[in-house]
Protein chains: 2
Amino acid sequence: MATIYDVAELAGVSPATVSRVFNGTNVSEEKVAAVRNAAEKLKFTPNRTARTLRRQSSEVIALVIPDIENPYFTEMARGVEDVASEAGYSVVLCNSDAQVEKEATYLRIAIAENMSGVIIATADERSDLDGVLATGRPVVAVDRSTSYDIDSVTMANRSAGTSATRSLIDAGHRRIAYIGGPAHIDTAAERAAGWRSVLASAHPGHALDELERFTTFRVDGGRSAMEELLALREPPDAVVAGNNLIGVGAIQVLTEHGLTPPEVGVAVIGSLPFTTLSPTAVTVVRLPARHMGVTAARMLLDRIDGDTQPARTVVLRNEVQPASATRR
Amino acid sequence: MATIYDVAELAGVSPATVSRVFNGTNVSEEKVAAVRNAAEKLKFTPNRTARTLRRQSSEVIALVIPDIENPYFTEMARGVEDVASEAGYSVVLCNSDAQVEKEATYLRIAIAENMSGVIIATADERSDLDGVLATGRPVVAVDRSTSYDIDSVTMANRSAGTSATRSLIDAGHRRIAYIGGPAHIDTAAERAAGWRSVLASAHPGHALDELERFTTFRVDGGRSAMEELLALREPPDAVVAGNNLIGVGAIQVLTEHGLTPPEVGVAVIGSLPFTTLSPTAVTVVRLPARHMGVTAARMLLDRIDGDTQPARTVVLRNEVQPASATRR
DNA sequence: ATGAAAGCGCTAACAC
DNA sequence: GTGTTAGCGCTTTCAT
């Protein structure tokens, strides 16, 4: 690989001049031309590692998410990527697999590679951001909030829970269960709280506990919880799914039991990825995944550019698409 | 951030010794202890950028895929990631969006960042690997083959096409259409060829052209092609979908027209991601996405370790799951 | 506007 | 086994 020294020699200038040409500072027209020419001839690509070492920062941001196979997060990733690459940054996708240890490893890498910032959907409430923050790098939390005083982009989780539940009530359902992600993740807890509050006021005095299930944010979680609910002496006549994958699992189980929605009512918090269901059968509370990614990326870039205002918290709205609505 | 010099000073040794401790070469027990101690105290993390610059290679591999939102590719990514991280490598996921230009940008970054290798599902037959290959970095092609003489992992695409089509014939369908990805992508062409050959021998003399559709490997591609097919004066009674997303799109349209499978027969090449359909309604030819990623990663690591044998071509088998089979 | 030179943090000869 | 030292390729003062 050619270096700036090779280019400098061929162009008859100093390495510093070559560097300047590639960084857009004051160089005379002729020299610029000479350098570009030489660079072309040698197929020169500036070595980013060297630049990063020298500059102590690289145009790379880390996006740490708990499940790369969940379309919700890949959609978010697209949002991040679009904004970032527009600004000349690359995005490194890191899959923490919802494990704090893996997450920690990736954060360490982000530091060690001099990345300029991190956008993270934390694995857990035990996620440790001390290390990154100590280096002064900006960190933006997405999807889930943290106990740190940092920028965060979340959405109206509680209201997502209430909207989903209400649409089921409006459709005439009475015994409405909730299946959500791990109770210790704030999004899951908030959505459950929304469900609970609606039911509490609709049917005061009814016991809700046996209708509430906390599981993983994955298809198998939705499946097993739905099986449990169906095995109840008095099964629910509707269910709120706490995220897209839980929704898929729940619907799978219902279908297998011959209870295809809307026979049993289903409201999903999150878009049904690649659904093949009739769009009228299920209520969907669409989450602003992409928008979230876009917003987080913008905030992070601001910080990278030196913005020092107090930590901002952005809460995005959701969009309910009741079971009766027409497609798109 | 602390450097090896800081650690060296605190531990009372030379920087070289610190480096040795972190790279597992011969150092006396006491010094190892002293260094680890000092490192701990200073919260020292080796700076990878510097190491990379010095070593001229980094423990990062690039995985370039055309659609990060397609579960097929994320599943593959998981396979790559698992093998890579086991071996101490990180994986950078790059989304080419099926555009040769974006792909080229990422390949340039891979070079400029001294990454040690690339696994790529090319965007196109015009994909240009000259640059990376010229640097001597190993490149492994996955999913799609290339015109370069490099390791590649693909699967039995033609036979996937024939299996899918046969299962439809076995189920009693006669007028079987095919919707596939862009004709210039080899996987799409091969799968179509499989379909064509089965029909040609089953119904010799029948015209196939009007039943064959090439579109994008995305949901909207499947949707529009299915709409076209249904608009035919003599619509098909079954369809082979060339990939998972096309399958989703086709099934969506069929459902919207009240033709829920198996009313119209559907065979999908690729797993239906997060399907909520009854598993008995649709034939699925499962593709070894994860296995493909695993294999490619192993091959790449071999090459990184200096393996110089001639380029290998691995073709993986698929697994047919006919419409009547039970789940999982 | 341009060049000389120092140095980012690490590793790998090379000496001892 | 351990220290000394010379770079890896780039950017950035500081002179000129």
Side-chain angles (χ1 to χ4, degrees), chain A residues 1-36 38-39 42-60 88 108-116 135-137, chain B residues 1-36 38-39 42-60 88 108-116 135-137:
Chain A
M1 281 273 77
T3 74
I4 44 172
Y5 290 93
D6 304 325
V7 177
E9 193 175 344
L10 184 57
V13 301
S14 79
T17 300
V18 177
S19 170
R20 287 183 186 115
V21 169
F22 281 91
N23 290 285
T25 35
N26 292 331
V27 180
S28 70
E29 299 241 345
E30 318 121 57
K31 305 224 164 182
V32 171
V35 168
R36 293 228 176 277
L42 297 172
K43 296 192 170 198
F44 168 73
T45 314
N47 181 316
R48 289 225 197 190
T49 306
R51 159 198 286 231
T52 298
L53 178 58
R54 178 58 226 235
R55 288 244 196 109
Q56 301 292 334
S57 97
S58 74
E59 273 82 55
V60 176
R108 227 173 290 125
I109 291 180
I111 298 172
E113 298 262 19
N114 290 307
M115 296 183 189
S116 25
T135 69
R137 280 179 183 70
Chain B
M1 280 272 76
T3 73
I4 43 173
Y5 290 95
D6 304 325
V7 177
E9 193 174 343
L10 186 57
V13 301
S14 79
T17 299
V18 178
S19 170
R20 289 185 185 111
V21 169
F22 281 91
N23 290 284
T25 36
N26 292 330
V27 180
S28 70
E29 299 241 344
E30 318 121 56
K31 306 225 163 181
V32 171
V35 168
R36 294 227 176 278
L42 298 171
K43 297 194 170 199
F44 167 73
T45 313
N47 182 316
R48 290 223 192 191
T49 306
R51 159 197 285 231
T52 298
L53 178 58
R54 176 60 225 235
R55 288 245 197 111
Q56 298 294 325
S57 96
S58 74
E59 273 80 57
V60 175
R108 226 174 292 123
I109 292 180
I111 298 172
E113 298 263 17
N114 290 306
M115 297 184 190
S116 28
T135 68
R137 280 179 183 71

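Within every chain, numbering begins at 1; the chains are lettered A, B, ... in the order of the sequence lines, protein sequences first and strands thereafter.
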Participant: Is there side-chain contact between A:Asn47 and A:Thr3, with at least one heavy-atom pair below 4.5 Å?
Facilitator: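 In short, these two side chains do not touch, never coming nearer than 4.5 Å.
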
Participant: Rounded to whole Å, how long is the line connecting atom CD of A:Gln56 with atom C1' of D:dG9?
Facilitator: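 Atom-to-atom, A:Gln56 to D:dG9, this comes out as 14 Å.
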
Participant: Whether the side chain of B:Ser116 engages the backbone of B:Ser57 through a donor-acceptor N/O pair (distance < 3.5 Å, no angle test) should be reported.
Facilitator: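 Pair absent, no side-chain N/O of B:Ser116 close to backbone of B:Ser57.
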
Participant: Looking only at side chains, do A:Thr52 and A:Thr49 share a donor and an acceptor under 3.5 Å apart?
Facilitator: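 A:Thr52 vs A:Thr49: no donor-acceptor pair found between side chains.
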
Participant: Verify the contact: side-chain N or O of A:Arg48 to OP1 or OP2 of D:dG9, cut-off strictly under 4.0 Å; return yes or no.
Facilitator: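 For D:dG9, neither OP1 nor OP2 has a side-chain N or O of A:Arg48 closer than 4.0 Å.
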
Participant: Is a side-chain N or O of A:Arg48 found less than 3.5 angstrom from the main chain of B:Ile109, in a donor-acceptor match?
Facilitator: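 It does not hold such a pair.
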
Participant: By nearest atom, which of the nucleotides D:dT12, D:dG9, D:dA6 is closest to the B:Tyr5 side chain?
Facilitator: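 In terms of side-chain proximity for B:Tyr5, the closest of D:dT12, D:dG9, D:dA6 is D:dA6.
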
Participant: Would you say D:dT2 has OP1 or OP2 under 4.0 Å from some side-chain N or O of B:Ser28?
Facilitator: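 True: B:Ser28 side-chain N/O within range (under 4.0 Å) of D:dT2 OP1/OP2.
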
Participant: Rounded to whole angstroms, how far apart are CG on A:Leu53 and C1' on D:dT12?
Facilitator: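 After rounding, the gap between these two atoms is 14 Å.
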
Participant: By nearest heavy atom, map A:Pro15 and B:Pro15 onto DNA chain D; which one lands nearer the 5' end?
Facilitator: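 Result of the comparison: B:Pro15.
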
Participant: Check step by step if side-chain contact (heavy atoms from CB on, under 4.5 Å) holds for B:Val21 and B:Lys31.
Facilitator: CA-CA 8 Å; B:Val21 169; B:Lys31 306 225 163 181; 5.9 Å; no

Participant: Is a donor on one side and an acceptor on the other found under 3.5 Å between the side chain of B:Arg108 and the backbone of A:Thr45?
Facilitator: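 Checked: no pair found.
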
Participant: How many whole angstroms separate atom CE of A:Met1 from atom P of D:dC10?
Facilitator: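 Atom-to-atom, A:Met1 to D:dC10, this comes out as 10 Å.
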
Participant: Report yes if a side-chain nitrogen or oxygen of A:Thr3 is closer than 4.0 Å to either non-bridging phosphate oxygen (OP1 or OP2) of D:dG9; otherwise report no.
Facilitator: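 Looking at the OP1 and OP2 atoms of D:dG9, neither is under 4.0 Å from any side-chain N or O of A:Thr3.
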
Participant: Any base atoms under 4.0 Å from A:Val13, or only sugar-phosphate, or nothing? Heavy atoms, all strands.
Facilitator: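 A:Val13: backbone/sugar contact only, no base atoms under 4.0 Å.
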
Participant: Between B:Phe44 and B:Ile4, is the side-chain contact (heavy atoms from CB on, under 4.5 Å) condition met? List the steps.
Facilitator: CA-CA 8 Å; B:Phe44 167 73; B:Ile4 43 173; 3.6 Å; yes

Participant: Given atom CD of A:Glu59 and atom P of D:dT11, what is their separation to the nearest angstrom?
Facilitator: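 Taking CD of A:Glu59 and P of D:dT11, I get 10 Å after rounding.
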
Participant: One pair to check against side-chain contact (heavy atoms from CB on, under 4.5 Å): B:Val13 and B:Arg20. What are the steps and the verdict?
Facilitator: CA-CA 11 Å; B:Val13 301; B:Arg20 289 185 185 111; over 6 Å; no

Participant: Take atom CD in B:Glu59; do more than 12 heavy atoms of anything else shown fall under 6.0 Å from it?
Facilitator: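 Yes.
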
Participant: How long is the line joining CZ of B:Arg54 and P of D:dC8, in whole Å?
Facilitator: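 Rounded to whole Å, this separation is 8 Å.
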
Participant: Does B:Ala50 or B:Val27 map to a spot on DNA chain D nearer the 5' end, using the closest nucleotide for each?
Facilitator: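 Closer to the 5' end of DNA chain D: B:Val27.
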
Participant: Which residues in residues 19-26 of chain A have a heavy atom closer than 4.0 Å to any atom of DNA chain C?
Facilitator: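 A:Arg20, A:Asn26, in order of number.
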
Participant: Can you check the B:Ile4 CD1 to D:dT2 P distance for me, whole Å?
Facilitator: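 That distance rounds to 16 Å.
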
Participant: Taking heavy atoms of chain A and a 4.0 Å limit, find me the 5'-most and 3'-most nucleotide of DNA chain C within that range.
Facilitator: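 So the contact region on DNA chain C extends C:dA1 to C:dG9.
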
